[in-house]
Amino acid sequence: MEFRIEKTDNNSAARLGNITTAHGSFATPVFMPVGTQATVKTLTPEDLYEIGVGIILSNAYHLFLRPGEELVHKAGGLHSFMNWQGSILTDSGGFQVFSLSKLRRINDEGVWFNSHIDGSKHFMTPEKVMEIESKLGADIIMCFDECAPYPCSFEEAERAVIRTSLWAKRCQEAHQNPNQALFGIVQGNVFPELRRRSAADLAALEFPGYAIGGLSVGEPKAEMYATLELTNELLPQNKPRYLMGVGSPEDLLEGVRRGVDMFDCVLPTRLARHGSAYTSRGRITVRNAGFAEDFSPLDPDCNCYVCKNYSRAYIRHLIKAEEILAHRLLSYHNVHFLIHLMGSIRNALKEGEFTRYYREFFDKYRF
RNA sequence: GGAGGGAUACCCAAGCGGCCAAAGGGGGCAGACUGUAAAUCUGUUGUCAACGACUUCGAAGGUUCGAAUCCUUCUCCCUCCA
């Protein structure tokens, strides 16, 4: 993997760059749609190419449970299995340590999970996760980490940091596949002291990229931004910085401003399935009665396939009638919205107009 | 013509003397969602000048301190027998 910084913003920590993997290159800052189970829900790879997606996310833990990494390996790896020729990043299952906390027990050696599918017991270790991620064959893979909840005590967050550092070292030692770039993940919750420690631990291991984990788990926005700012300052300048699980349009702007290069989030596709759409003026709930006779496109400023062909009224009808096309159209539009947003941000960075773009965005966008 | 059964809020449907403005679904309306246990979850859904008041359980009368619940008549629906 290669990361090149092409330009840095004069008025913020934002930077314009490019990442090249075995499956092509993409410009940064980048938004990566999430396809946990080897599919960005409701969208085909062709849709994603058309939208301009360069890299997507998938999940080692979920694919390990079903269909199993061996099967994906037999299929020729994840790219071949799901017919996606762009880049792929796999998350390790560290987030499931947080989101499935009721179904797991953790110790320094690893994590016992009770499968949410059939209840079967599995022990995940950093070594095991590296083996799974290697078999899946993504271009960028994540260390197995412990994502602590919010709120949580200093001691609890500290334990997660120590464990995450320990596991990062073990992941690095177990990591064999030369075609995959292994990223470290900084934890530390909202405690500056712990973020500093975590960032220092990981930087010492010299990963090709660094993720900021454990944010957007319920903490107030101000805390998230402050933590992000602090953490980014501590990470190596010449390596990509990936803010995990973020975000909303406003968070993408705030993240870029603070020096983030990569983002991923389930929000565009989940909101789509729940009946909401992003627009240049803010998020709208198309499901609501007010749109019943609104024959305008989801976003008048959008030129995506959906906005060119379908109205809010029609999409609302599909939602109310529980037609799956609603999910598909809204997913397509929402992913397009974020991909297009990132494109505009990069363009502004290229022109040296990021600050102006930032201001104009928030002038229009209401949330 | 005779014998039964039934009519409850937008719909279906419980309730069968006070704890009933009325269970539970559905539908409607709204909210939440950030490395996906999520086509999920939550709230709300008689009216109003609304921590209180008023009008509701096919219609009209009646019994009772008190009725969706008991009695009478009527209207409409369903089943069976002629």
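Keep in mind that what you see is a predicted model, and the values were worked out from it rather than measured. In what follows, chains are A, B, ... by sequence order, proteins preceding strands, each numbered from 1.
Aromatic ring orientation, Y358(A) versus F354(A): tilted (interplanar angle from 30° to 60°). The aromatic rings of Y314(A) and H317(A) are tilted relative to each other, their planes meeting at an angle between 30° and 60°. Taking the six-membered ring where tryptophan is involved, the planes of Y61(A) and F113(A) are tilted, since the angle between them lies from 30° to 60°. Below 30°, between 30° and 60°, or above 60°: for W112(A) and F123(A) the angle between ring planes is between 30° and 60°, a tilted geometry. The aromatic rings of F337(A) and H333(A) sit tilted, their planes meeting at an angle between 30° and 60°.
For T269(A) against U36(B), a side-chain-to-base donor-acceptor contact under 3.5 Å is present.
Side-chain atoms of D139(A) and H79(A) include a donor-acceptor pair closer than 3.5 Å. Counting only N and O atoms by type, the side chains of Y357(A) and E351(A) include no donor and acceptor under 3.5 Å apart.
Evaluated for a side chain to side chain contact (heavy atoms under 4.5 Å, CB included) with F361(A), the options L252(A), I345(A), L341(A) yield exactly one hit, L341(A).
Separating the CG atom in L63(A) from the CG atom in L78(A) is a distance of 6.0 Å, to the nearest 0.5 Å. Atom CG of D91(A) sits about 11.0 Å away from atom CD1 of I141(A), to the nearest 0.5 Å. For the atom pair CG (L194(A)) and CZ (R197(A)), the distance works out to 6.5 Å, reported to the nearest 0.5 Å.
To the nearest whole angstrom, the two C1' atoms, one in C71(B) and one in G17(B), are 13 Å apart. Taking the C1' atom of each, G58(B) and G52(B) are spaced 31 Å apart, rounded to whole Å. Nucleotides U69(B) and G31(B) are separated by 38 Å at their C1' atoms, to the nearest Å. Nucleotides G18(B) and G66(B) place their C1' atoms 6 Å apart, quoted to the nearest Å. Distance noted for atom C1' between G46(B) and A38(B): 34 Å (whole Å). Comparing U64(B) with C76(B), their C1' atoms are spaced 29 Å from each other, to the whole Å. Taking the C1' atom of each, U75(B) and A59(B) are spaced 7 Å apart, rounded to whole Å. G15(B) and C51(B) are spaced 28 Å apart, taking the C1' atom of each and rounding to whole Å.
Using a 4.0 Å cut-off between a side-chain N of Lys or Arg and a carboxylate O of Asp or Glu, E250(A) and K221(A) qualify as a salt bridge. Using a cutoff of 4.0 Å between basic side-chain nitrogens and carboxylate oxygens, R196(A) and E233(A) are not scored as salt-bridged.
Linking ILVMFWY residues whenever their side-chain heavy atoms come closer than 4.5 Å, directly or via other members, leaves I56(A) and M1(A) in distinct clusters. In the hydrophobic cluster analysis, where Ile, Leu, Val, Met, Phe, Trp and Tyr join through side-chain heavy atoms closer than 4.5 angstrom, I117(A) is grouped apart from F95(A).
Less than 4.0 Å separates RNA chain B from at least one heavy atom of each of the following residues of residues 160-185 of chain A: I185(A). Less than 4.0 Å separates RNA chain B from at least one heavy atom of each of the following residues of residues 41-72 of chain A: K41(A), L57(A), N59(A), H62(A). Across residues 122-144 of chain A, not one residue has a non-hydrogen atom less than 4.0 Å from an atom of RNA chain B. In the region residues 13-35 of chain A, proximity to RNA chain B at under 4.0 angstrom, judged on heavy atoms, holds for V34(A).
Nucleotide A22(B): unpaired (no Watson-Crick or G-U wobble partner with both distances less than 3.5 Å). Across all strands shown, U75(B) is found opposite A7(B) as a Watson-Crick or G-U wobble partner, with both distances under 3.5 Å. Of all nucleotides present, only A30(B) satisfies the Watson-Crick or G-U wobble test against U42(B), with each distance under 3.5 Å.
If you measure from atom CG of L252(A) to atom C1' of G35(B), you get 14 Å, rounded to the nearest angstrom. A straight line from NE2 of H327(A) to C1' of A38(B) spans 11 Å, rounded to a whole angstrom. When the C1' atom of A39(B) is taken as reference, atom CZ of R328(A) falls 15 Å away, rounded to whole Å. Rounded to whole Å, the distance from CG on N334(A) to C1' on A38(B) is 16 Å. Between the CG atom of L215(A) and the C1' atom of G35(B) there is a distance of 11 Å, given to the nearest Å.
Of the two residues near RNA chain B, G247(A) and S99(A), the one whose nearest nucleotide lies more 5' is G247(A). Along RNA chain B, the nucleotide nearest to G94(A) and the one nearest to I324(A) differ in position, and the one closer to the 5' end is contacted by G94(A).
Remark: S216(A) is not in phosphate contact with U34(B), judged by side-chain N or O atoms under 4.0 Å from OP1 or OP2. Using a 4.0 Å cut-off, no side-chain N or O of Q37(A) falls inside it from OP1 or OP2 of U36(B). Applying the 4.0 Å criterion to OP1 and OP2 of U36(B), one finds that Q96(A) has a side-chain N or O inside that range.
Without hydrogens or angle criteria, H23(A) side chain to W84(A) main chain gives no donor-acceptor distance under 3.5 Å. A distance-only check finds a donor-acceptor pair linking the side chain of S92(A) to the backbone of C143(A) [under 3.5 Å].
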Could you write nucleotides 25-33 of chain B as a row of B, S and -, 5' to 3', where a protein heavy atom under 4.0 Å of any base atom gives B, of only sugar-phosphate atoms gives S, and otherwise -? --SSSBBBB
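Within 4.0 Å of D264(A), counting heavy atoms only, lie sugar-phosphate atoms of the nucleic acid but no base atom. Across all strands, Q187(A) comes closer than 4.0 Å to base atoms (heavy-atom distances).
Closest approach to the R273(A) side chain among G35(B), U34(B), A39(B) is made by A39(B) (side chain taken as heavy atoms from C-beta onward).
Here Q172(A) pairs with L182(A), L205(A), F207(A) under the side chain to side chain contact (heavy atoms under 4.5 Å, CB included) rule; sequence neighbours left out.
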